[in-house]
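Worksheet for the structure shown next.
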Amino acid sequence: MLRVPRSRGAFSGVILVLLGLWGGLAALAGPYFHFAFAPDKAWSFTSGRVWLEILPACALLVGGLILLVSANRATAAAGAWIAALGGAWYVVGGPLSMLWSAADRLGPPVGGTTRQVVEQIALLTGLGVVAVFFAAVALGRLAVVGVKDARLAEREAYVEEAPTVEERRPVPEDRPDPIHATQPFPRRTGRVPVTPPEQAAPRPPEQAAPRPVEQAAPRPVEHTVPPAEPSDRRVAGGPANDDTRTFRRPGEGV
């Protein structure tokens, strides 16, 4: 079933609702301003006033409300037809009431000739013609299936027929355990949560690190000065305790 946008019959529905309110209130409250049919008495529910004024006004009101709230094309068309029948009854109800008994008829209009003509048009025939016109406009708009309406209906049908498959997400095996009530919640300040001493894991015993082997510092090299060779000559002016032994060369006699 094609659905109709509510904007299709919104304008006609509003007009029909206003016409229904006007027809019902004017029939009951019009005698306050001497703008009504006899009897010139407000809120008087006579047989002719109920059948010829209030009943078609209710038809206009109901049909207009259906046009406003319904999104189904058939239901909205039914509301337009109800409003059209109410407007038609405004037009033909007065002449047909001449066949009824005098007690069931609608009385003559109140006032002079000009006021009687205005009352006849505004409360019966003219009101009915305007109501039939707007009901026919609503029916014409509902009878046309627009391209947008067809595409919208196809899209809705495709969405309804398409199966919805729920994808299952794989659960990772290294998923962390849930936080229990006894565990402290981590703070969001970037600090590492402090673990109570009783819940802290025992530290492994510390092993003595091997001491590094100390290398002995290298000893400085001692430079020994060779003794001076003995001289066979004595330097003049030298000390008296110098060695006076003569130096013999190899091969010389002793």
Side-chain angles (χ1 to χ4, degrees), residues 2-97 105-146 148-149:
L2 292 178
R3 294 186 179 183
V4 57
R6 294 183 180 180
S7 59
R8 283 287 182 95
F11 179 73
S12 299
V14 171
I15 298 298
L16 292 174
V17 169
L18 294 178
L19 292 176
L21 292 175
W22 162 254
L25 293 177
L28 298 176
Y32 285 120
F33 309 97
H34 301 286
F35 190 80
F37 291 90
D40 192 7
K41 184 179 180 181
W43 303 101
S44 177
F45 293 89
T46 61
S47 179
R49 185 170 291 177
V50 170
W51 285 101
L52 297 177
E53 291 185 300
I54 297 177
L55 181 63
C58 293
L60 294 181
L61 185 62
V62 172
L65 290 176
I66 293 176
L67 280 174
L68 284 176
V69 301
S70 178
N72 187 283
R73 189 177 296 272
T75 306
W81 275 109
I82 293 174
L85 291 177
W89 183 246
Y90 267 121
V91 177
V92 302
L96 289 179
S97 65
R105 298 176 188 173
L106 193 62
V110 180
T113 305
T114 305
R115 179 174 293 183
Q116 290 180 4
V117 172
V118 175
E119 290 171 353
Q120 186 71 30
I121 294 175
L123 298 180
L124 288 181
T125 56
L127 177 60
V129 169
V130 175
V132 171
F133 172 77
F134 281 100
V137 170
L139 285 173
R141 292 179 63 87
L142 293 173
V144 177
V145 180
K148 293 183 179 180
D149 301 341

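Positions are given from 1 along the sequence. Values in this document were obtained by computation on a predicted structure and should not be read as measured data.
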Please list all pairs meeting salt bridge (Lys or Arg N to Asp or Glu O under 4.0 Å) that have one or both residues in [range], counting only residues at least two apart or in different chains.
range          : value
residues 15-41 : none
residues 59-69 : none
residues 54-72 : none
residues 77-90 : none

**OP:** Kindly write out the residues that satisfy salt bridge (Lys or Arg N to Asp or Glu O under 4.0 Å) with Arg49, not counting sequence neighbours, or none if the list is empty.
**Re:** Glu53
Just jot down the side-chain contact (heavy atoms from CB on, under 4.5 Å) partners of [X], sequence neighbours excluded, or say none.
X      : value
Val130 : Leu19, Phe134
Leu85  : none
Gln120 : Phe37, Leu124, Thr125
Ala26  : Trp22, Leu123

Original post:
Can you check whether Phe35 reaches Val118 side chain to side chain, under 4.5 Å on heavy atoms?
Top reply: yes
**OP:** In sequence, state the C-alpha distance, the side-chain angles, and the governing distance for Leu16 and Leu68, and then conclude on side-chain contact (heavy atoms from CB on, under 4.5 Å).
**Re:** CA-CA 10 Å; Leu16 292 174; Leu68 284 176; over 6 Å; no
Original post:
When you look at Trp89 and Leu96, which way does the side-chain contact (heavy atoms from CB on, under 4.5 Å) test go after all the steps?
Top reply: CA-CA 10 Å; Trp89 183 246; Leu96 289 179; 4.0 Å; yes
**OP:** For Glu119 and His34, work out which heavy atoms get closest and say how close.
**Re:** OE2-O, 3.4 Å
Subject >> Listed partners of Ser47 passing side chain to side chain donor-acceptor pair (under 3.5 Å), at least two apart >> reply: Asp104
Original post:
If only atom types and distance count, is the side chain of Arg141 paired as donor or acceptor with the main-chain N or O of Ser12 below 3.5 Å?
Top reply: no
